[in-house]
Amino acid sequence: MYNEIDLDKIDISSEPPTEEPARQYYFMAKCREWVREFEKKNGRLPCFFTQTFGCQMNARDSEKLTGILEEIGYITANSEEADFVIYNTCTVRENANNKVWGRLGYLNTYKKQHPHMKIALCGCMMQEPEVIDKLKKSYRFVDLIFGTHNIYKFAELLFLCFSQEGTVIDIWKDTDKIVEELPIERKYSFKSGVNIMFGCNNFCSYCIVPYVRGRERSRKPEDIIREIEKLAADGVVEVMLLGQNVNSYGKNLENPMSFAQLLTKIEQVQGIQRIRFMTSHPKDLSDELIEVMGRSNKICKHLHLPLQSGSSRILKEMNRHYDKEQYLSLVEKIRRAVPDIALTTDIIVGFPGETEEDFEETMDVVKQVGYDSAFTFIYSKRTGTPAAMMEDQVPETVVKERFDRLLKEVQRKATERAQAFTGSVEKVLVEEINEQDETLVTGRLSNNFVVHFPGTSEMIGKIVSVKLKECKGFYFYGELESSV
Ligand code: 5AD
Ligand code: SF4
C-alpha cells in the first residue's frame, strides 16, 4: 500500500537522496536497470523465491520484500531453483534456526550448479551475533544478510549486492525509525496484516524477541488509518493488526492513544468488515478494550491471550506480571462482556524448574478456561535470555510426557467447544479453494474456526452464510445457506 511511483522518472545519474522513502525508490530504479540488463542478456526476467519462517509479523515483512522485488521487475518462482532466494528467518525457538541451517545446505548445492544465483537472509535469526559469526565462517556462499531493523533498506542493500563482490552484511542493534510508503505485495486480495507497532519491551525471561526486534515503537494512528483506507479501497475486507503486544499500543506516541481508541478509529473505515489483532499480553488488557470488543460488530469474536504457564510461581519466574488468579478473572471478565468469544492461547511446557505441581496448575487453567485452540511449545533455551542461565532445566523425557498430556487436554476441550456449534448458521469469509478437494472452498468464521463447504473460486473474498454440518475436531464441513 503506497503511492505508486514511476521508477522510470527517477534520475539515477544523480546522487541518491538522503531522505526516506525517496532513497529506496532511487535504489529500486537502479536495481530495475540491472534487471533490464539481465533480461537483455538472458532473454527472460530474473525470478525470486521467498521463504518465511515464524510469525505473522514475518509474513507481513515478506510481503514487503516481495513488493520491492516485483517493483524492480523480478517475477516469482515456485521453488528455491531461482535467481534470487531470500529466507526471512525466525529464532523464537531453536528448531526454527535448525530449519534454516538445513535449507542452507541444500541451497549451497544448488548454487554450485548455478553460480549466478544470489542468496539472502534476513529476519530475527540474523540479529544474533553467534549466527552472523557462523555464517561468516562456514556459509560464505550467502550474498546478502540483514536484520529486522533495516528491512526498509532492502532495495539499497540489493543494489549493493549486485554491484560488489563478497557478502553484504548490514545488521543494526536497534532503531527508532519507521519508514512508511514502501511497496507491499499482498498474499491475499481480500485480507491483510497491518503492522501497528514493532518490537517488545516486556522481556519475558524465556523470550529472545525483545533482543532481536528491539524496543516498542508504535506507528502513528494516521499512518495506520491511511494504510487501512487504501487496503479497503483495494478490496480488503479483513485486517489483522499486528504487534508483539498490541495492548500497549500508543504509549510512546507524541500524542498517546490507547489500543482501544485505535480500534474505534479503524472500525470507522468503510469497507472493512472484520478486524482481528495479535498478540495481547494479559497484563495490559484493559477494561476499555473489553468494552470496545463487547459492543463492536466488526472486531472478530476471537482473542488470543497467551497464558504461558498456569503456575503463579513459574509466571513470576517468566516475568509475566500476572498470576493464575488474575488470568482466570480476566477470562471471566472477557466472557461476561463477549459471551460468544473464542479464546486461544500459547503455553510453554518445561520452563526451567517446572515441577509436576506447576504443570498441574497449567492443566487446571486449561480445564477451567476451555480454550478453542492452543499453541503448545516445548521450552527452548535461547542464549542471552535470563531463563537460559536458570538451573533446573527439566529433563527431556519429563517435558515430552507433560507436553503430550497437555496436548490431549487442549484437544479434548477444543473439540467439545467446537461440537457445540454443529448445526448453527454462521457468517464465513471465503479464503481459498480447498487444497485437497477442488469442489470445496475453505473459509473462516469470526471466531477463527475453519469450515470447508462446496463452492467456487468466485466466492473467494466474500462473506457468506454457512451451515456447520459436521464437526471434525478443529474444523467443520458445511453447506452454503445464502450469500450475504
Ligand atoms: N521456548 C518455547 N516457546 C517460546 N515462546 C517464546 N519463546 C519461547 C521459548 N524460548 C513461545 C511463547 C510465545 C510464542 C510466540 O512462542 O509461547 O507466546
Ligand atoms: Fe516475547 Fe514476552 Fe515480548 Fe511476547 S511479550 S514477544 S513472549 S518478551
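Both backbone and side-chain heavy atoms feed into the values below; hydrogens, waters and symmetry mates do not. One-based numbering, in listed order, for ligands and for the atoms of each.
Looking at D346 and H304, their side chains do bring a donor and an acceptor atom within 3.5 Å of each other.
Under 4.0 Å from ligand 1, heavy atoms of Y206 appear from its side chain as well as its backbone. Residue contacts with ligand 2 for R320 involve side-chain atoms from C-beta outward but no N, CA, C or O (heavy atoms, distance under 4.0 Å).
The protein heavy atom nearest to atom 7 (S) of ligand 2 is Y206 OH, 3.4 Å. For atom 2 (C) of ligand 1, the nearest protein heavy atom (residue, atom name, distance) is I378 O, 3.4 Å. Nearest protein heavy-atom contact of atom 9 (C) of ligand 1 is S380 O, 3.6 Å. With respect to atom 15 (C) of ligand 1, the closest heavy atom belonging to the protein is D346 OD2, 3.8 Å.
At least one N or O atom of Q308 sits closer than 3.5 Å to an N or O atom of ligand 1. For R93, a nitrogen or oxygen atom sits less than 3.5 Å from a nitrogen or oxygen atom of ligand 1, counting backbone and side chain alike. Geometrically, ligand 1 and Y379 share no nitrogen or oxygen pair separated by less than 3.5 Å.
Ligand-side atoms of ligand 1 in range of I348: 3 (N), 4 (C), 5 (N), 12 (C), 17 (O), range being under 4.0 angstrom from any heavy atom. Heavy-atom proximity to V92, at under 4.0 Å, picks out these atoms of ligand 1: 6 (C), 7 (N), 8 (C), 9 (C), 10 (N).
Ion pairing between a basic and an acidic side chain is recognised when a charged N comes within 4.0 Å of a carboxylate O; E356 and R405 show such pairing. Ionic pairing of K367 and E409 is not present here: no N-O contact between side-chain nitrogen and carboxylate oxygen is shorter than 4.0 angstrom. A salt bridge does not link E254 to K220: none of the charged nitrogens lies less than 4.0 Å from a carboxylate oxygen. Remark: E227 does not engage K230 in a salt bridge, criterion side-chain N to carboxylate O under 4.0 Å. Electrostatic pairing of E222 and R226 does not count as a salt bridge here, judged by no charged N lying under 4.0 Å from a carboxylate O. Salt bridge D61/R213: present, at least one basic N to carboxylate O contact under 4.0 Å.
Other residues, nucleotides and ligands contribute at most 12 non-hydrogen atoms within 6.0 Å of the CZ atom of R140.
Under a 4.0 angstrom heavy-atom cut-off, V209 registers as lying outside contact with ligand 1.
In this structure, the side chains of V237 and R274 stay at 4.5 Å or more apart for every pair of heavy atoms.
The ring-ring contact (aromatic ring centres under 6.0 Å, His included) pairs that include a residue from residues 336-366 are F351-Y379, where partners are two or more places apart or lie in different chains.
Cation-pi check for K134 over W101 is met; the charged atom lies under 6.0 angstrom from the ring centroid and within 45 degrees of its normal.
Here 1 is the count of protein N, O or S atoms positioned under 2.8 Å from atom 3 (Fe) of ligand 2, waters not counted.
One distance of note links OG of S248 with CG of L285; it measures 11.5 Å at 0.5 Å rounding.
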